[in-house]
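Okay, structure first, notes after.
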Amino acid sequence: MLAVQEAGYGYGLFTTKSPDLWKWHLENLGQLCAEAWDDGLPEEDHAWAEPYRKKFSRWLDVPGHADIGHKANAADLQNRHGRFGGEPAPPWPMLLEAVKSACFAMIETAKQMRPGASERAAEDPMSRLHRTYFWRTLTSDDTAAEIRAEALRAFRRGFRIGRRGRPRTLTRLIHPMLEPPAIWDIAAPALPGPSAARERAIRALPVPDDPKELAAREQELRALYAIAWRDDVPEEDRLWAALYRETCMLWVNQCRRNALAQSAYEGYLQSSDGRFGSGPAGPWRSVDAFAKEPWYSLVDRVEDAPEGESEPATAEAAVWEYWDALYRDAPLWDSDPDQVHWLAAVRAARRKAQADDGPPAMGR
């Protein structure tokens, strides 16, 4: 699965000229890179992870320098909350190697999917890499230093996220779901095992006109999905079951996470008379997907606050996460003119979380 993700991030990086999308894909690539060191990887990911670790460990074992220039072995981006102190910081050469690896993975995947489809399939991968717009942008001395610095910051942020694992907002236990979310249709067709095959066969049948027959078919699917939540899932169904549970848990928890972020956003606006930054702000539904990400980071930190941490300390750390998700430095907390509004956002998120403190019951 991680090998497929690497190819996907390569495709994203090399098929756009948008610096904002580059940063988003580099953050994902950095997170993927960190996951190679996860001792709990599924068996099917071990073959990908072992050479990946060997390739990149030489950069993570060496202390860096204080510069974040694109030709430096840069040290960790420091923050006054000490959350990442002492952790390895990917330097610029490691970013380039990760990008190169993703490009090669993309090319290899394309060959497997469309063997001999074009003359490009026989070209040297390194030659193709060096002709791409994205690679030339990363390696050219004419590229603005700001673009490279933000690219490195995005990659490092992803690496830190991968090192610390998913936030509590996305790992809460849920009740067994016997009706899959819509996104399950994306993963289900490619999975092995008898349960996956049976699911595909049932879903391939035409929709019956008889309500009783339709109800019986839906019940058969519910019984099939119940297998995924058993403790004794058969070996041949474990991959299908694990991915089904993961998909359900992420979907339910992301819905809750979105609600917490919306509460934080609206709490801020209630405190600021509807203003954010230099002007009036619209309702949550008007906020685009990229602009919501910092709010997700904020509520992740609120939920992950250590026991006994003061509210101002939580708010300060959460605001740092908000600005870091935008690849920008947060204002000094003690002199931040919006401090009271951020505190209101944190309180609103906590009220929403406390109102829904049990395991999500959606989709039972």
Side-chain angles (χ1 to χ4, degrees), residues 1-2 4-6 8-10 12-13 20-42 45 48-49 52-53 56-57 59-60 64 68 74-92 94-95 97-99 101-102 149-172 246 249-250 253-254 256-258 260-261 264 289-306 314 316-330 349:
M1 298 298 290
L2 294 182
V4 174
Q5 288 182 36
E6 183 184 25
Y9 298 147
L13 287 166
D20 287 337
L21 286 175
W22 285 340
K23 287 182 284 188
W24 188 70
H25 291 303
L26 284 170
E27 182 176 322
N28 288 330
L29 186 60
Q31 186 170 344
L32 178 81
C33 185
E35 288 176 1
W37 277 264
D38 184 355
D39 293 332
L41 286 177
D45 288 327
W48 171 88
Y52 208 88
R53 288 195 297 265
F56 291 103
S57 59
W59 286 300
L60 299 179
I68 64 165
D76 196 5
L77 292 174
Q78 298 297 317
N79 72 83
R80 56 186 302 199
H81 310 300
R83 297 193 63 206
F84 311 113
E87 289 193 3
W92 182 257
M94 182 173 166
L95 178 150
E97 187 66 30
V99 168
S101 178
E150 290 185 351
L152 182 58
R153 183 163 190 162
F155 184 71
R156 286 176 168 176
R157 173 176 167 78
F159 192 83
R160 290 197 305 268
I161 291 172
R163 291 273 295 183
R164 71 183 184 233
R166 285 179 177 162
R168 193 177 307 167
T169 49
L170 293 180
T171 56
R172 296 170 78 248
E246 176 82 357
M249 187 169 69
L250 282 178
N253 282 328
Q254 182 58 42
R256 177 180 178 273
R257 187 188 191 209
N258 185 74
L260 296 184
F290 283 109
K292 286 179 178 177
E293 286 296 331
W295 291 99
Y296 295 148
S297 295
L298 182 142
V299 298
D300 288 346
R301 180 56 179 83
V302 172
E303 287 266 281
D304 285 341
T314 298
E316 181 182 6
V319 171
W320 188 93
E321 293 287 353
Y322 175 94
W323 290 110
D324 190 58
L326 294 170
Y327 317 115
R328 293 166 57 185
D329 293 327

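Nothing fancy with the numbering, it's 1 onward along the sequence.
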What pairs of donor and acceptor atoms, side-chain ones from residues 290-299 against any protein atom, are under 3.5 angstrom apart with sequence neighbours left out?
| residue | atom | partner | partner atom | Å |
| --- | --- | --- | --- | --- |
| Y296 | OH | N258 | OD1 | 2.8 |
| S297 | OG | R157 | NH2 | 2.7 |
| S297 | OG | E293 | O | 3.4 |

- Message: Could you measure the distance from the CZ atom of F155 to the CG atom of L152? Nearest 0.5 Å is fine.
- Response: 8.5 Å

- Item | Sequence-distant partners of E246, salt bridge (Lys or Arg N to Asp or Glu O under 4.0 Å), two or more places apart | R166

- Note on the structure: Value for CD1 (I161) from CD (E35), rounded to nearest 0.5 Å, stands at 10.5 Å

- Message: I'd like to check R301 versus P167 (side-chain heavy atoms, cut-off strictly below 4.5 Å). Are they in contact?
- Response: no

- Using a strict cut-off of less than 4.0 Å between a Lys/Arg side-chain nitrogen and an Asp/Glu carboxylate oxygen, indicate whether R256 and E303 qualify as a salt bridge. yes

- Calculate, to the nearest 0.5 Å, the distance between atoms OG1 and CZ belonging to T171 and R168 respectively. 8.0 Å

- Task: Give, for atom CZ of F159 and atom CG of L26, the distance between the pair rounded to the nearest 0.5 Å.
- Result: 14.5 Å

- Passing candidate, side-chain hydrogen bond (donor to acceptor under 3.5 Å, both in side chains) with T169, options D304, D300, N253: D300

- Message: Parallel, tilted or perpendicular: which one describes the rings of H25 and Y9, with boundaries at 30° and 60°?
- Response: tilted

- Message: Between D20 and K23, does any side-chain N to carboxylate O distance fall below 4.0 Å?
- Response: yes

- Item | D329 bridged to R153 by N-O distance under 4.0 Å | yes

- Message: Give me the atom names and distance for the closest heavy-atom approach of L29 to A102.
- Response: CD1-CB, 4.1 Å

- Message: Minimum heavy-atom separation for R156 and A89, please, with both atom names.
- Response: NE-CB, 4.2 Å

- Message: Would you compute the distance between atom CZ of R163 and atom CZ of R160 and round it to the nearest 0.5 angstrom?
- Response: 12.0 Å

- Task: Would you check, one step at a time, whether the test side chain to side chain donor-acceptor pair (under 3.5 Å) holds for W22 with E150?
- Result: CA-CA 10 Å; W22 285 340; E150 290 185 351; over 6 Å; no

- Query: Quick one: are the ring centres of Y52 and F56 less than 6.0 Å apart?
  - Reply: yes

- Item | Heavy-atom pair with the smallest gap, counting every atom of A151 and L95 | O-CD1, 3.6 Å

- Least distance between heavy atoms, A49 atom then L41 atom: CB-CD1, 3.6 Å

- Task: Using side chain to side chain donor-acceptor pair (under 3.5 Å) as the criterion, list what pairs up with Y322, not counting sequence neighbours.
- Result: none

- C33 and E6: side chain to side chain contact (heavy atoms under 4.5 Å, CB included), yes or no, with the steps? CA-CA 9 Å; C33 185; E6 183 184 25; over 6 Å; no

- Message: Surrounding CZ of R53 (heavy atoms of other residues, nucleotides or ligands, distance under 6.0 Å), is the total greater than 12?
- Response: yes

- Item | Student check: side-chain heavy atoms of L32 and W48 closer than 4.5 Å | yes

